[in-house]
Asks: 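Below you'll find the structure I mean.
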Amino acid sequence: MSDQQHSFETLAIHAGNTADPLTGAVVPPIYQVSTYKQDGVGGLRGGYEYSRSANPTRTALEENLAALEGGRRGLAFASGLAAEDCLLRTLLTPGDHVVIPNDAYGGTFRLFAKVASRWGVEFSVADTSDVNAVRAALTPRTRAIWVETPSNPLLGITDIAAVAGVARQAGVRLVVDNTFASPYLQQPLSLGADVVVHSTTKYMGGHSDVVGGALVVSDPELAEELAFHQNAMGAVAGPFDAWLVLRGIKTLAVRMDRHDENATKVADLLTRHPKVTQVLYPGLPEHPGHEVAAKQMKAFGGMVSFRVTGGEEAAVEVCNRAKLFTLGESLGGVESLLEHPGRMTHASAAGSPLEVPADLVRLSVGIENADDLLADLTQALG
C-alpha cells in the first residue's frame, strides 16, 4: 500500500497492519518472544534475532507511526522520556547546547536540567512563539532547537515552518514534540522539522492503559543513528505495549474529532465564567497563537488550561471538587482528566523559568457527553 495514495484515517487502520501470513488474522499478533530460531548461523528470518533489536509487533507500530507522520522511519520506545533520552544522546555530545521552550513538559525540563546537564549538555530557555527570541538564543555550540506546540501546560503555539527556517539557517536540528496535537491534527515533518517526538501514552494510545514513546524522522542517516542508539540503550516498547498503541491509533481520527469538539465547548463555557480569569486554548480567536495554529493544524485539540480567581488554593479546590473529570496526571485518554500542574506534572519546574502559574488548572477533555462535562466544571468552579 502506497502511503501517498491514502487518507490519514485509512493509514491509521492499515499502515503496518498486514494480515498475518500464517492465519490471515487481520490484527498483527502480539509476538511475546525474546529470541528467534535462526536458520543456521546468521540465517535470520525477516531480520529478527532478539526482541530488543527488533520485534514484529513493534515493527508494525513503527511502520504505522512513520506513515502517519509522513516520515521515513518510526521508532517505538518504552516511554516518551525514553524516546527523548535516546534522541538527546544521539544528537548531542558533552559541550553541546540546545534551545528549549519556556513552556514545556516538566519531565522534559527535568531531563535537560537534572540528567543531560550532568553529561555536559547545556540549554537556554526561549519563548519559541517568538522567532527572534529563538534566533537570539542560539550559540556557536547549539545543535538543536526543541519545540512543543501546542505546549504543555500553557497551550502556546510555535510557528513550526518559521522556526524550521531559523534552524536550517543555523545548521541545527529542529525537534518538535507533537504529543498534544497528534499526527491527525499536525505533521511537523512536512513543515520542516527534523524529528517528531511523541508520548504515545497520550492520544496515540488513547485509553490510559499503556506507556510508550516514539520518534519519527525523514533523514535516513539520522534514522540509522537513532536505531543504533535505540538498540544499544534498550528502552524499547514491549510487544504488548506496541500492540496496545497500534490498536489505539486505529480510532485516533474519530477520537481527536470528538476531543476537539468537546474542548471547544469547554473553552467557551470557561471564557464566560466569572471565576475564570484566563482561558488558554488555541481555538479561541483571542489566543495569541490562534492564526498560526489555524494555519498549521487541522483543528485545535482536546487540551484546555485556565486560571482562576483566588490563586493556588482556589485552583486546587477546583481539582478536588471535580467528579466526572478525574484528578490525575497524563492526558489524551477517552476519559476527561484535570490536574494542578504546579503541584503535579510540572513540580520539577518550580523556581525555574518554566515555573507555571499557581492558579492554573489543566484539562484533558475526553470524549464523554459534552453537557455532562460542562455541568461538572460548573459545579467544580462553584
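FYI, the numbering just counts along the sequence from 1.
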Asks: What are the two closest non-hydrogen atoms of Ser129 and Asp127, and how far apart are they?
Replies: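 For Ser129 and Asp127, the tightest heavy-atom pair comes out as OG-OD1, 2.5 Å.
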Asks: Any salt bridge linking Lys295 with Glu291? Criterion: basic side-chain nitrogen under 4.0 Å from a carboxylate oxygen.
Replies: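 The answer is no: the pair does not qualify as a salt bridge.
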Asks: Is there a donor-acceptor pair closer than 3.5 Å between any side-chain N or O of Glu62 and the backbone N or O of Ala76?
Replies: yes
Asks: Is the shortest heavy-atom distance from the side chain of Leu360 to the side chain of His346 under 4.5 Å?
Replies: no
Asks: Would you compute the distance between atom OG1 of Thr90 and atom CE of Met233 and round it to the nearest 0.5 angstrom?
Replies: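 Taking OG1 in Thr90 and CE in Met233, the distance rounds to 6.5 Å.
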Asks: Calculate, to the nearest 0.5 Å, the distance between atoms CG and CG belonging to Asp257 and Asn262 respectively.
Replies: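 It is 11.0 Å, given to the nearest 0.5 Å.
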Asks: Would you kindly say whether Asp268 and Tyr281 are connected by a side-chain donor-acceptor distance under 3.5 Å?
Replies: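 There is no such pair between these side chains.
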Asks: What I'd like to find out is whether the side chain of Lys275 reaches to under 4.5 Å of the side chain of Val308, using heavy atoms alone.
Replies: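 No, side chains not in contact.
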Asks: Locate the shortest heavy-atom distance separating Leu363 from Met303; write the atom from each residue and the value.
Replies: O-CE, 3.3 Å
Asks: Determine whether Asn102 and Pro353 make a side-chain contact, defined as any pair of heavy atoms from C-beta on separated by less than 4.5 Å.
Replies: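 Not in contact.
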Asks: Rounded at 0.5 Å granularity, tell me how far OG1 in Thr158 sits from CG in Asp130.
Replies: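 That separation rounds to 10.0 Å.
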Asks: Hey, does the side chain of Thr23 reach the backbone of Asp20 with a donor-acceptor pair shorter than 3.5 angstrom?
Replies: no
Asks: Could you tell me whether a side-chain N or O of Thr57 sits under 3.5 Å from a main-chain N or O of Trp243, the two making a donor and an acceptor?
Replies: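 Looks like no, no N/O pair under 3.5 Å.
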Asks: Kindly indicate whether the side chain of Gln296, heavy atoms from C-beta on, has any atom under 4.5 Å from the side chain of Ile157.
Replies: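 In short, these two side chains touch, coming nearer than 4.5 Å.
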Asks: Would Val361 end up clustered with Leu373 when hydrophobic side chains under 4.5 Å apart are linked, directly or stepwise?
Replies: yes
Asks: Quick one: does Asp241's side chain get under 4.5 Å of Val211's, heavy atoms only?
Replies: no
Asks: Suppose we screen for ring pair (Phe, Tyr, Trp, His ring centres under 6.0 Å). Which residues come up paired with His273, at least two apart in sequence or across chains?
Replies: none
Asks: Could you go through the side-chain contact (heavy atoms from CB on, under 4.5 Å) check for Leu138 and Ile145 one step at a time?
Replies: CA-CA 9 Å; Leu138 297 172; Ile145 300 170; 4.0 Å; yes
Asks: May I ask you to say whether Lys323 pairs ionically with Asp376, meaning some side-chain N is under 4.0 Å from a carboxylate O?
Replies: no
Asks: Flag yes if more than 12 heavy atoms outside Arg141 fall under 6.0 Å of its CZ atom; otherwise flag no.
Replies: yes
Asks: Under 3.5 Å, is there a donor-acceptor pair linking the side chains of Glu335 and Ser208?
Replies: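 Ser208 and Glu335 do have a side-chain donor-acceptor pair below 3.5 Å.
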Asks: Side-chain heavy atoms nearer than 4.5 Å, only ILVMFWY residues, links allowed to pass through others: does that put Leu11 and Val245 together?
Replies: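 Yes; tracing contacts between hydrophobic side chains, which count when under 4.5 Å, links both residues.
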Asks: Between Ser364 (side chain) and Leu338 (backbone), is there a donor-acceptor pair under 3.5 Å?
Replies: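 No, Ser364 side chain to Leu338 backbone: no donor-acceptor pair under 3.5 Å.
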Asks: If you measure only the distance, is there a donor-acceptor pair under 3.5 Å linking the side chains of Ser199 and Tyr105?
Replies: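 Result is no, nothing qualifies.
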Asks: Hey, does the side chain of Arg45 reach the backbone of Tyr36 with a donor-acceptor pair shorter than 3.5 angstrom?
Replies: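 Checked: no pair found.
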Asks: Taking all non-hydrogen atoms of both residues into account, name the closest pair between Thr201 and Ser330 and its distance.
Replies: CG2-OG, 4.1 Å
Asks: Ignoring hydrogens and angles, tell me if any N or O in the side chain of His259 forms a donor-acceptor pair with the backbone of Val365 under 3.5 Å.
Replies: yes
Asks: In the structure I gave you, are the side-chain heavy atoms of Val196 and Leu65 within less than 4.5 Å of one another anywhere?
Replies: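 In short, these two side chains do not touch, never coming nearer than 4.5 Å.
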Asks: Okay, side chain of Glu355, backbone of Gly351: is any donor-acceptor separation there less than 3.5 Å?
Replies: yes
Asks: Tell me whether Phe325 shares a hydrophobic cluster with Val279, the cluster being built from Ile, Leu, Val, Met, Phe, Trp, Tyr side chains joined at under 4.5 Å.
Replies: yes
Asks: Which heavy-atom pair separates Ala12 from Asn64 by the least distance, and what is that distance?
Replies: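 Smallest heavy-atom distance, with atoms named: O-ND2, 3.4 Å.
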Asks: Do the non-hydrogen side-chain atoms of Pro239 and Arg58 ever get within less than 4.5 Å of each other?
Replies: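 Sidechains of Arg58 and Pro239: no contact.
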Asks: For the aromatic rings, using the six-membered ring if either is Trp, is the centroid distance between His198 and Tyr203 under 6.0 Å?
Replies: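 Centroid separation for His198 and Tyr203: 6.0 Å or greater.
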Asks: Given 3.5 Å as the limit, does a donor-acceptor pair link the side chain of His340 with the main chain of Ala358, or not?
Replies: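 At least one qualifying donor-acceptor pair exists.
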Asks: Treat each ILVMFWY residue as a node, draw an edge where side-chain heavy atoms are under 4.5 Å apart, and state whether Val175 and Ile160 are in one component.
Replies: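 Different clusters: Val175 never reaches Ile160 through Ile, Leu, Val, Met, Phe, Trp or Tyr contacts under 4.5 Å.
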Asks: Taking all non-hydrogen atoms of both residues into account, name the closest pair between Ala263 and Gly302 and its distance.
Replies: CB-CA, 3.7 Å
Asks: Do Val216 and Leu68 pass the side-chain contact (heavy atoms from CB on, under 4.5 Å) test, and can you show the C-alpha distance, the side-chain angles, and the key distance before you say yes or no?
Replies: CA-CA 10 Å; Val216 183; Leu68 296 187; over 6 Å; no
Asks: With side-chain contact (heavy atoms from CB on, under 4.5 Å) as the criterion, how do Trp146 and Leu87 come out once you've worked through the C-alpha distance, each side chain's angles and the decisive distance to 0.1 Å?
Replies: CA-CA 11 Å; Trp146 194 285; Leu87 177 60; 3.8 Å; yes
Asks: Assign the ring pair Phe109 / Phe123 to parallel, tilted or perpendicular, where the plane angle (0 to 90°) is split at 30° and 60°.
Replies: perpendicular
Asks: Show me the donor-acceptor pairs, under 3.5 Å and distance only, between side chains in residues 162-174 and residues at least two apart or in other chains.
Replies:
residue, atom, partner, partner atom, Å
Arg173, NH1, Asp219, OD2, 3.4

Asks: Using modelled atom types and a 3.5 Å cut-off, is there a donor and acceptor pairing between side-chain atoms of Ser218 and backbone atoms of Gly71?
Replies: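 Side chain of Ser218 to backbone of Gly71: no pair is present.
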Asks: Under 4.5 Å between side-chain heavy atoms, hopping through other hydrophobics if needed: is there a path connecting Ile30 to Tyr50?
Replies: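 No; Tyr50 is not reachable from Ile30 via cluster members.
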Asks: Less than 4.5 Å apart, side chain to side chain, heavy atoms only: is that true for Thr264 and Phe300?
Replies: no
Asks: Just how far is it from atom CD of Gln278 to atom CG of Leu270, taken to the nearest 0.5 Å?
Replies: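 So the CD of Gln278 and the CG of Leu270 are separated by 12.0 Å.
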Asks: Salt bridge (Lys or Arg N to Asp or Glu O under 4.0 Å) for Glu368 and Lys265? Distances and angles first, verdict last.
Replies: CA-CA 12 Å; Glu368 303 96 335; Lys265 294 176 180 179; over 6 Å; no
Asks: Using modelled atom types and a 3.5 Å cut-off, is there a donor and acceptor pairing between side-chain atoms of Glu69 and backbone atoms of Val195?
Replies: no
Asks: Mind checking the OG1-CG spacing from Thr108 to Asn152? Nearest 0.5 Å is all I need.
Replies: 8.5 Å
Asks: Please say whether more than 12 non-hydrogen atoms of neighbouring residues, nucleotides or ligands are located less than 6.0 Å from CD in Glu286.
Replies: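 Yes.
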Asks: First locate atom CG of Leu92, then atom NE2 of His97, and finally report the distance between them rounded to the nearest 0.5 Å.
Replies: 10.5 Å
Asks: Salt bridge or not for Lys298 and Asp260, using N-O below 4.0 Å?
Replies: no
Asks: If every non-hydrogen atom of Leu185 is compared with every non-hydrogen atom of Met256, which pair is closest and at what distance?
Replies: CD1-CE, 3.6 Å
Asks: Test side-chain contact (heavy atoms from CB on, under 4.5 Å) on Thr251 and His207 and set out the steps.
Replies: CA-CA 11 Å; Thr251 60; His207 294 78; 4.2 Å; yes
